[in-house]
Student: 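Sharing a structure below in structure tokens format, with a few things to ask.
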Amino acid sequence: FKYQGQYIFGVTVLTNHILMAPWSKNVIEEFGPRLTKLKVNKKTIQIPVDWKVEKKLILDMVKARISEIQ
């Protein structure tokens with residue numbers, strides 16, 4: 001997804017997991033305490049394919065990324 005020409009959030013579905021990318025190292029660091037059950041990489045968050053979607057977490061991350069752009 002893009003906002004004002006900049007990426008704000010991406011998702012890639014793979015065979016064994018899903019990768020989420022908030023396109024911001026700062027967002028990943030800020031949300032670290034809420035991501036403890038997931039595998040966090042430098043630029044992506046690896047989640048299992050059977051993960052129960054945490055809608056609030058995703059929306060909060062998107063909002064944080066948009067705030068960085070504005």
Side-chain angles (χ1 to χ4, degrees):
F1 300 108
K2 282 186 172 183
Y3 176 75
Q4 295 183 354
Q6 294 190 41
Y7 287 102
I8 57 167
F9 204 81
V11 177
T12 301
V13 179
L14 303 164
T15 303
N16 298 318
H17 61 274
I18 299 167
L19 287 179
M20 295 190 306
W23 297 92
S24 168
K25 186 177 178 181
N26 294 334
V27 171
I28 290 177
E29 289 175 5
E30 177 183 341
F31 286 84
R34 293 174 63 183
L35 302 171
T36 57
K37 295 179 184 177
L38 306 172
K39 182 177 180 187
V40 179
N41 304 310
K42 283 183 180 182
K43 298 180 181 180
T44 59
I45 302 152
Q46 182 178 323
I47 59 176
V49 292
D50 63 349
W51 180 62
K52 183 175 168 80
V53 176
E54 296 179 37
K55 184 178 175 181
K56 176 126 174 67
L57 172 64
I58 294 172
L59 289 174
D60 289 348
M61 291 175 73
V62 169
K63 288 176 185 176
R65 178 63 180 132
I66 289 172
S67 291
E68 284 185 341
I69 294 170
Q70 293 178 334

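Quick caveat, the model's predicted, so the values are computed rather than measured.
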Student: Of all the heavy-atom pairs spanning Lys42 and Ile28, show the shortest one and how long it is.
Tutor: O-CD1, 3.6 Å

Student: Testing the basics here: between Ile18 and Pro48, what is the closest heavy-atom pair and its distance to 0.1 Å?
Tutor: CD1-O, 4.3 Å

Student: Are the side chains of Gln46 and Leu14 in touch, meaning some heavy atoms are under 4.5 Å apart?
Tutor: no

Student: Please answer: with hydrophobic residues joined when any side-chain heavy atoms are less than 4.5 Å apart, are Ile45 and Tyr7 in the same cluster?
Tutor: no

Student: Please say yes or no: joined through hydrophobic side-chain contacts below 4.5 Å, possibly via intermediate residues, are Leu59 and Phe9 part of one cluster?
Tutor: no

Student: Can you find a pair of side-chain heavy atoms, one from Val11 and one from Phe1, that are under 4.5 Å apart?
Tutor: no

Student: Is the shortest heavy-atom distance from the side chain of Val27 to the side chain of Glu68 under 4.5 Å?
Tutor: yes

Student: Checking His17 against Leu19 for the side chain to side chain contact (heavy atoms under 4.5 Å, CB included) test, could you report, in this order, the C-alpha distance in whole Å, the side-chain angles of both residues, the deciding distance, and whether it holds?
Tutor: CA-CA 7 Å; His17 61 274; Leu19 287 179; 3.9 Å; yes

Student: May I ask you to test the Met20-Ile47 pair for a side-chain heavy-atom distance under 4.5 Å?
Tutor: yes

Student: Are any side-chain N or O atoms of Arg65 and backbone N or O atoms of Asp60, one a donor and one an acceptor, separated by less than 3.5 Å?
Tutor: no

Student: Could you tell me if the side chain of Lys25 sits less than 4.5 Å from the side chain of Glu30, heavy atoms only?
Tutor: no

Student: Work out which heavy atom in Phe31 is nearest to a heavy atom in Ala64; give both atom names and the distance.
Tutor: CE1-CB, 3.7 Å

Student: My understanding is that only residues two or more places apart in sequence, or in another chain, count here; which of them pass side-chain hydrogen bond (donor to acceptor under 3.5 Å, both in side chains) with Asn26?
Tutor: none

Student: Do Asn41 and Lys43 come within less than 4.5 Å of each other through their side chains, counting heavy atoms only?
Tutor: no

Student: Does Leu57 belong to the same Ile/Leu/Val/Met/Phe/Trp/Tyr cluster as Val40, with side-chain heavy atoms less than 4.5 Å apart forming each link?
Tutor: yes

Student: Can you tell me how far CD1 of Ile66 sits from OG of Ser24, rounded to the nearest 0.5 angstrom?
Tutor: 12.5 Å

Student: What distance separates Tyr3 OH from Ile69 CD1, expressed to the nearest 0.5 Å?
Tutor: 7.5 Å

Student: For Met61 and Lys56, run side chain to side chain contact (heavy atoms under 4.5 Å, CB included): C-alpha distance rounded to whole Å, both residues' side-chain angles, the deciding distance at 0.1 Å, then the answer.
Tutor: CA-CA 9 Å; Met61 291 175 73; Lys56 176 126 174 67; over 6 Å; no

